[in-house]
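Presented below is the structure to which this report refers.
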Amino acid sequence: MSNFKRTLITSALPYANGPVHIGHLAGVYVPADIFARYLRLKGEEVLFIGGSDEHGVPITLKAKKEGTTPQAIVDKYHGMIKDSFEKFGISFDVYSRTSSKIHHETASEIFKTLYDKGEFVEQTSGQFYDEEAGQFLADRYVTGTCPKCGFEKAYGDQCESCGTSLNATDLINPKSVLSGNVPVMKETKHWYLPLDKYEPWLKEWILEDHKEWKPNVYGQCKSWIDGGLNPRAVTRDLDWGVPVPIEGAEGKVLYVWFDAPIGYISATKELTPDWKKYWKDPETRLLHFIGKDNIVFHCIIFPSILKAEGSYNLPDNVPANEFLNLEGDKISTSRNWAVWLHEYLEEFPGKEDVLKYTLTANAPETKDNDFTWKDFQARNNSELVAILGNFVNRVLVLTNKYYEGVVPVAGKLELRDEEALATLIQLKSEIEKALDTFHFREALRLTMEMARLGNKYLADMEPWIVVKTNPERVKTVMYICLQITANLTIAFEPFLPFTMNKLRSFLNLGKLQWSELGRRDLLKAGHRVNTPELLFEKIEDDAIQRQVDKLLATKKSNELEQATVAPAKPHIEYDDFAKMDIRTGTIVAAEKVAKTMKLLKLTINTGIDQRTVVSGIAEHYEPEQIVGQRVSILVNLAPKNLKGIDSQGMILMAESKEGKLVFVEPSEAINDGAEIK
RNA sequence: GGCGAGGUAGCUCAGUUGGUUAGAGCGCAUGAUUCAUAAUCAUGAGGUCGCGGGAUCAUGCCCCGCCCUCGCUACCA
């Protein structure tokens, strides 16, 4: 750990199809920023890298939907993201983007190197192709009828109605999103990274050599590695991205997951000609700050790429966080369930640090956590205002009152003074230990202890009483208080940079180094401090209520949207309907299908016979409670083998908008086998 | 179903290689205090450490089984 000379910190590249929200901040940018600021404060050589991830299919789709170009989309969001990071005070040394020229060059080069070294496997497969548009169709570029729920506008990768994940080839009546035409199946060649080849090495490198990684990270890597790794396509047929730099690969680009992490390298190149020092010198420590959704890319795939390339450093640690929820629900960009950074900055001007504080104090370090506005308010009012702001204010008010703002000369220190100063040094080493091991929540808590220490010292010393009898003693007390306050400007600097700027201006003090934390002479006797303003202000209920109302409104509009019923399918002829033989029936036996989550094996009396049907309803019904249940059954559906069982027919279920399945049964008792027509 | 991560005070979390009465902050109650944004300081109440077995002189921590939450994965005629 100590044999590194410098540190390169990367933070996950936000995807440029939407703005940044508190989930991104809590998971990645706030901890990365704290760490970067901490190392800088220690005088270490450090680079903090960020940038927008601008390739991939979702961006092309969004462009299509909005009738504009992918470039216009990424320009818009890149600008927005970059701007809000800057205002929020995420201290990137460079914030780049993957649509830049330098990135295209870098990504191409790395691809080319691996290609030339024979690290890829070539494979040809069939994929949908739009003849009119003259291009292959990514899964999301194909729509059609979902084979499961019959939803007409299912995408090739996922049905948005029932949530099933699909392959484009599963769709009934597939259609190209581009032209609306029926796509044809065509052969296409792609390059794959044979991850299976790296399995033994990954086992050694992660499972043996990096046992110190966070449990959630280590565990997930282990899960992936033990599950067996498969070759992964590094290219795809698309016209938005980094073109595949070899002959015969026209119309193909690098898969976004391949080019995105290379963005860290290009950003470094953009920043400094000396970039190799940061990426190739083994004395540089590489750290990836990411969210848990990115663990496999940063721990397995990207290191495999770098390893295959051969000349790059591998990450020393990947301190991934879990997810932050918002008021009990998952944050979702598409459902607008989020606190957007750019909106926060407008609605809470000057309170950047308050959000940083809350997100750090409540960071999802070991498990998913919940952000609530009520907690936000409490953290501000009872910690930032009451503990930190209040202490600073008390000290400066007293200093102004007793000494017209001039730091007094201390007399001989008493035991209690020495103790207070010693605690400061003790806390310093504890904070260091927490930060060095990425325990930011703990580090912040310990830092707050310093302010608590100050409050307690003041309360114990009671200078406002002693001043009447022993004004000399009060000079010492206030001197100590002022030193504690000055120390706060160092300790809090990584967490609350704007606020510490303000505090330094109150104290008339320049920026100090971490090594000076713990000193008892940061403010010399005779030094003049200013009259303070408030460091933090209380957040009143109405401000919080406005935010809660805003979320409630979002919830309401989401519900309305959900309540809309799927539109009717196109007309069919009576004959089409008549082909289906639907009967009444009764469930006579039911059992769970072993090793599945959703499947029940049902024995149905159809009137015609007793037969077995496998049905995906196990999440909705216990086997014992549905014996005797009347059902509607499609009896002439072609049999299908599911998990080793022949399923002969299909039970008709009605699905509610919440996704609940209920049986469709006759309204009166009727014999099994009655035709439904 | 498989794999991974979690399940500790009302809330958010610590609990190091198993070892004395299980900790912190917020919230709550009581008291002290007034320099301070009714802020601060002290004291206290509050926990069958998810459930059930087991190994041990001893377990929140080890072993086995089960339940719940989150993620990945298989499956949904």
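In what follows, every chain begins at residue 1, and chains take the letters A, B, ... in the order their sequences are listed.
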When you measure from the side-chain N and O atoms of [X] to the phosphate of [N], is any distance below 4.0 Å, counting only OP1 and OP2?
X	N	value
K538(A)	rA39(B)	yes
K222(A)	rC3(B)	no
R452(A)	rC26(B)	yes
T399(A)	rC35(B)	no
R441(A)	rA14(B)	yes

Using Watson-Crick or G-U wobble geometry with both distances below 3.5 Å, tell me the partner of [N], or none.
N	value
rG27(B)	none
rA77(B)	none
rG52(B)	rC64(B)
rU21(B)	none
rA36(B)	none
rU69(B)	rA5(B)
rG46(B)	none

Output yes when [X] and [Y] qualify as a salt bridge under the 4.0 Å nitrogen-oxygen rule, no when they do not.
X	Y	value
R416(A)	E419(A)	no
E414(A)	R473(A)	yes
E322(A)	K292(A)	yes
E449(A)	R452(A)	yes

Counting heavy atoms from C-beta on, name the nucleotide in [options] closest to the side chain of [X].
X	options	answer
R445(A)	rC70(B), rA24(B), rC26(B)	rA24(B)
K598(A)	rC41(B), rA5(B), rC76(B)	rC76(B)
K330(A)	rG71(B), rU34(B), rU40(B)	rG71(B)
L599(A)	rC75(B), rC26(B), rC41(B)	rC75(B)
D368(A)	rU34(B), rC70(B), rG1(B)	rC70(B)
V385(A)	rU37(B), rU40(B), rA5(B)	rU37(B)
R394(A)	rU40(B), rA39(B), rU12(B)	rU40(B)
K643(A)	rC35(B), rC75(B), rC26(B)	rC75(B)
R379(A)	rC41(B), rC76(B), rU12(B)	rU12(B)
N390(A)	rA36(B), rU37(B), rA77(B)	rA36(B)

Just the rounded figure in Å: distance from [atom2] of [N] to [atom1] of [X].
X	N	atom1	atom2	result
D460(A)	rA42(B)	CG	P	7 Å
I582(A)	rA77(B)	CD1	C1'	13 Å
F323(A)	rA5(B)	CZ	C1'	13 Å
K367(A)	rG50(B)	NZ	P	11 Å
K595(A)	rC76(B)	NZ	C1'	19 Å
W213(A)	rA5(B)	CH2	P	15 Å
L324(A)	rU69(B)	CG	P	20 Å
M448(A)	rG25(B)	CE	C1'	10 Å

Problem set entry | Test side-chain contact (heavy atoms from CB on, under 4.5 Å) applied to M450(A) and L427(A), T485(A), T423(A), I387(A), the passing residue |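 Looking at L427(A), T485(A), T423(A), I387(A), the match for M450(A) under the side-chain contact (heavy atoms from CB on, under 4.5 Å) is L427(A).
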For this session: Look at the rings of H210(A) and W205(A) and say which category their plane angle falls in: under 30° parallel, 30 to 60° tilted, over 60° perpendicular.
Result: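 H210(A) vs W205(A) ring planes: perpendicular.
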Exercise. Should the pair F289(A) and F440(A) be assigned to parallel (<30°), tilted (30 to 60°) or perpendicular (>60°) ring geometry?
Worked result: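 Judged by the thresholds at 30° and 60°, the geometry between F289(A) and F440(A) is tilted.
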Can you check the distance between [N] and [M], where both ends of the measurement are the [atom1] atom (answer in whole Å)?
N	M	atom1	result
rC11(B)	rA55(B)	C1'	37 Å
rA24(B)	rU43(B)	P	10 Å
rG2(B)	rA74(B)	P	16 Å
rU56(B)	rU73(B)	P	43 Å
rG19(B)	rG60(B)	C1'	14 Å
rA9(B)	rC26(B)	C1'	12 Å
rG4(B)	rC41(B)	P	45 Å
rC28(B)	rG46(B)	C1'	9 Å

Just to be sure I understand the rule, does [X] reach a base, reach only the sugar-phosphate, or reach nothing, if contact means heavy atoms closer than 4.0 Å?
X	value
I617(A)	nothing
V467(A)	nothing
F391(A)	nothing
T366(A)	sugar-phosphate
I633(A)	nothing
E383(A)	sugar-phosphate
A386(A)	sugar-phosphate

Problem set entry | Stepwise side-chain contact (heavy atoms from CB on, under 4.5 Å) check, Y457(A) with V477(A) | CA-CA 9 Å; Y457(A) 178 78; V477(A) 169; 3.8 Å; yes
For this session: Start with the C-alpha gap between D353(A) and K351(A), add the side-chain angles, then the distance that decides, and say whether salt bridge (Lys or Arg N to Asp or Glu O under 4.0 Å) holds.
Result: CA-CA 5 Å; D353(A) 283 351; K351(A) 297 202 191 313; over 6 Å; no
Exercise. Taking the nucleotide of RNA chain B with the closest heavy atom to each, which residue, Q648(A) or A378(A), is nearer the 5' end?
Worked result: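 Closer to the 5' end of RNA chain B: A378(A).
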